[in-house]
Amino acid sequence: MSPLDLVFQYWPAIGAGILGALVPRGDASTKQRAGLGLIAALTTLFVIWLWPTEGGAQAAQAAEAAGEWPHLLNLLIALPIVGAAAVLFIPRQMLSVLRGFTYLVLGIGFVASLWLLTVPMTAGWHFQYIKDWMPSLGIRYHVAIDGISLWLVLLTTFVTPIAAYASFGSIKTRIKEFCFALLLLQGGMIGAFLALDLFLFYVFWELMLVPMFMMIGVWGGADRVKAAIKFFLYTMAGSVLMLAAIIYLVWTHQKLTGDFTFDYLALSRVVLSKNAQIICFWAFSLAFFIKVPMWPVHTWLPDAHVQAPTGGSVILAAVMLKLGTYAYMRFSMGLFPGPASNLSANLAGVAILGGILYGALVAWKQRDVKRLVAYSSVAHLGFVMLGLFSATPTGMQGAVLQMVNHGVSTGALFLLVGVIYDRRHTREVDEFGGLAKVMPIYAVVFLIVTFASVGVPGTNGFVGEFLVIMGTFLSERLGKFAGIHTVGAAAGVILAAVYMLYVVQKMFFGPLTNPKNKHLPDLTVRESLALAPLVLMIFVIGFFPSIFLDRMKESILLQHNQYKVVSGQAILFADERDAKLLPEDTFSPAFLKGMPKKEKPAEPPAGAEGSQAALGGEGKVAQ
Amino acid sequence: MNSGLFLGLSPLLVVSLGGLLLMVAEAFSKRRVDETSDDRDAGPSSELSLGTAVTLLAGAVFAAAIWFVGPEKLEGASSVAPWVIVDRFTLFFSFVLCLGGALAALLAGGYLPEHRLDRGEFYPLIIFSTVGAMILASAGDLLSLFLGLETMSLGVYAMVGFRRASLRSTEAAVKYFLLGSFAAALLLYGGALLYGATGHTDLAGIREAIANMQPGKGSNFALVITAAVLIIVGLAFKVSAVPFHMWTPDAYEGAPTPTTTYMAVAVKCAAFATMLRVLIGAFGEGGLESWAAGWPPVVALLAVLTMTVANLVAGQQESVKRMLAYSSIAHAGYVLVGVVATMRAGGDAQGSVMFYLLTYTVSTVGAFGALILMGSRGAEAVSYEDLAGVGKRHPAAGFAFSLFLLSLAGVPPTAGFFGKLYIVKASIGAGLYPLAIILLLNSVISAYYYLRVMVYMYMREPAPGAPIAKPMRSGYVATALVVAGVLVLVLGLWPTTSLQIAVEAALATR
């Protein structure tokens, strides 16, 4: 293939690259031009590469499974964790080595995660890797990815390097500890998205807490210690109850089948008795609702966000909150479909009143921009939860897309707030006004991200919110309230426009009254390079949502069908007093792939060796 | 006399013999500390500490070796039963007690010279206390049980008052001595009543007699109940369960920190070993083990009170040492939950209790050891303020302390997490849902005060003008911390083998 062919084939990417390089103003540095050009070209390539091709589906089917390297997910999880351990051995004076090493690890993680896209995400699990960890307890290292977690993992590997890049601009102290915390956090988050063993999931879920605690507490604002402790205790309080529920579930499964297992797939078959179902559902969901956060357990969020350093806020908002919504979708809806289905109308009401509307109204009243963005997160995640509660394929697709959207646009908003805070060391809206005159580029970027956050058509926010509202309207689960719910959610969109545009108007337009703002420098090279990928993704998702929706469609449909069938069964059995095991054919075989199989040694004659159960257990007394 | 008996008793014999030898060595040693000297290596600690640790570890190794041989294969080892029972339960506890004692001795090797307390008698005291603790764990008869208890306690009384010039240390010793004797008296009284009611002093015989007893008029059942109450109260003093914990914070705070470590680890483990032996061995039948008329609700109430009160009070402390004292009370509460669960879940639950004691031992030794490491001559680190900014100035020490605190708080993947997990699992398996939930919520409360230490280490700077804590340099303390740290991680990542061992050990008593 001659170079000319390459040019013809990839002309959009080259064009985008040139365009990107030309965007900065005349006095911009070469580094900035090259960086922006590269980011634009790569984003275009990304879109071209993912564009669905005609008749490609069959070819893709054939290619499936052939190209799955089983250790890819292990690499994604282990690389940052091993990297974090390695950071401990780098001398703290070698700042550039520390930074370079962190970039390297995060960069490899990002590139490796792009590999996930090469596999067509058919229903079921991909890149599955299973290894026994503690066989006597049925705890396995079981990781796998599907069309839902795919996007959240990509979001993580995409946002964390940006957060790291931005943070190294403003964080000057204790770089070594920062690199350590960041990498450990990355490993924990990816692990939690990929784990299919409840025990493994819990370990990763808790593993994230400590680095985030350190991040808020060490590099945060004035009141950081209180915020950090509040964050830790809230999250831990939720998760210990989940642990109790996990153990109860495992115990019930053991009673029904004689096997200990923490495997999500195997435990999905268990239908608990009615009360136990409801209690366990709440124990799980409370942990997730705290993380999301849903009203009324959202109060840790504004404090944590306001006190966290910019990089920490970005990761917290973009990725960690998604763990709550993702885990609700995967575990609460997957393990306890009965209560999830029965309660969905009420919970949707809470999501709308407490999340979307209340969050928006409180955001409107904030004088601190960062606090405002934090409360806007409560509102946006209300949409995500609404999409999940609606339990229609459309709504769930919208919810997953909205998770990604919120990660991109709120991440960008926190970066932007960090920019102004680094310059003025205040975030009070009243301190600003007329900034568009001194910081035009900053103003434009802020406006674009605001539009995305509000959900203006053409940006990512529109697609996600539209799908969620559609899904809500069509939902059967919400019953006769679907219409009212839809109206409430739509009102939330308007309120979002009110509070976001209000702050934009206050900060950027009007007269430039405050003399301290007269000579603020515009975006630096580092800041613009950190923001560029996020801004581009806003439009990529806004204009080409299908490349995202296509890849999650089958997984969502599978999850939805299963939810529908199993919740029906669960409600049917709910009146029985005893727990029950659903037959395997209730589930799609693609879903159950990798479930631990009971190895029966062909009907043991005497039954003496039969009980391999549990901790070596009573079976060994006799020996 | 035969070799099986010697082999069976070898952990006990090795440790006693080593202790005697070290005593002689100490008496003939030329090393005497000059109170004015700055040379920290001149005193007896520099050789005795290592000798003690080696002796105790040798005991642990012998215990492990007999485990692999199999105590039931030893001919003649049962000839000393029921006074000393050589079974897997005994061996497990011998191992844990020797490990805890050895690590405490290593800590003392750094601490005593640093704080001008370098007198040789500390080490024989630690060794003979451990011998007492091992007898306590292996006793199948109320008489040898009492003997072990007193042997253990007498040594510890002296160790608590080891800082003779300090008023607080003396006060702590007197308090501990008075209340400890009181508890021992209760235990003895309970034992006497039990003998009166059943005609037996050995636990198996008592159990049998109780099982054959017909509740009703004219029977000795009321006497048995009274005895059970007295014995439970006596043991509750020893494990410092609320409301019998009042001596603990003062004694723990006043004692030199290695003594505190030893009390928190070895004394507590030995007391729990006895509790398991007595509650299950003697009171395991005849209705006494039932929820309706037996000890489980009493112990459950103790557990709830212990966890909740200790955690709430621990959060209020301004001294880290006192906080760790309350934290050790709280951990006793978690273990009591497991003890209640043994009633129904059997071997699994008892195994989880024993595994918990192992994880608790390594985490607690680590936490106290890290606290010792943070202080130096004339400036012992005691309060939170003393730790301000340590994480920044001395990252390795701060990291170690954080690891142990996270393990005590029960954050995965550390040993403490699995300890809690198994106890919760056992109590859910036994249907004790409220206890499991209360335990878990308490672990959230406890996270608050453990995190507070990390907050001071990493997120605070010392106030201007305040004395800056300077960590001591001691190879002994560092070694103890490394050993404990490795064990915390190993037990956290690969807990199954040790858990299986604990369960197997537990099954020996049932």
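Proteins come first, then strands; the chains are lettered A, B, ... in the order of their sequence lines, and each starts at number 1.
- Residue pairs meeting the ring-ring contact (aromatic ring centres under 6.0 Å, His included) criterion with at least one member in residues 204-229 of chain A, sequence neighbours excluded, are A:Phe178-A:Trp219, A:Phe201-A:Trp205, A:Trp205-A:Phe288, A:Phe213-A:Phe232.
- At a 4.5 Å heavy-atom cutoff, the contact between B:Leu406 and chain A is made by side-chain atoms alone.
- Ranked by heavy-atom pairs under 4.5 Å with chain A, the list B:Leu451, B:Thr496, B:Leu439, B:Leu493 is led by B:Leu451.
- Ring to ring, B:Tyr458 and B:Phe401 are not that close: their centroids are 6.0 angstrom or more apart.
- Per-residue heavy-atom pair counts under 4.5 Å with chain B were compared for A:Leu243, A:Ile229, A:Thr252, A:Val225, and the maximum is reached by A:Val225.
- Contacts between B:Ala409 and chain A at a heavy-atom distance below 4.5 Å involve the backbone alone (N, CA, C, O).
- No part of B:Tyr456 comes within reach of chain A, as not one of its non-hydrogen atoms sits under 4.5 angstrom from that chain.
- The part of A:Leu88 that comes within reach of chain B is its side chain, from C-beta onward, which places non-hydrogen atoms under 4.5 angstrom from that chain.
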Ring pair (Phe, Tyr, Trp, His ring centres under 6.0 Å) evaluation trace for A:Phe336 with A:Phe331: CA-CA 8 Å; A:Phe336 312 106; A:Phe331 297 113; 10.0 Å; no
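- Cation-pi geometry between B:Lys425 and A:Phe260 is satisfied (NZ or CZ under 6.0 Å from the ring centre, within 45° of the ring normal).
- Judged by a 6.0 Å distance limit and a 45° cone about the ring axis, B:Arg452 is positioned over the six-membered ring of B:Tyr384.
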side-chain hydrogen bond (donor to acceptor under 3.5 Å, both in side chains) between B:Tyr449 and B:Asn311, intermediate numbers included: CA-CA 9 Å; B:Tyr449 54 82; B:Asn311 275 319; 2.5 Å; yes
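- Only the side chain of A:Phe180 comes within less than 4.5 Å of a heavy atom in chain B; its backbone stays farther off.
- Residue contact with chain B, scored on non-hydrogen atoms closer than 4.5 Å, involves the side chain of A:Val210 exclusively.
- Heavy-atom distances place both the backbone and the side chain of B:Ala447 under 4.5 Å from chain A.
- For the set B:Ala502, B:Pro413, B:Gly429, the count of heavy-atom pairs under 4.5 angstrom toward chain A peaks at B:Gly429.
- Residue B:Ile437 touches chain A through its side chain alone, counting heavy-atom pairs closer than 4.5 Å.
- Two rings, from A:Trp133 and A:Tyr141, have their centers 6.0 Å or more apart.
- A donor-acceptor pair under 3.5 Å is absent between the side-chain atoms of B:Ser407 and the main chain of B:Leu403, judged by distance alone.
- The candidate from A:Glu177, A:Arg92, A:Met236 with the greatest count of non-hydrogen atom pairs under 4.5 Å with chain B is A:Met236.
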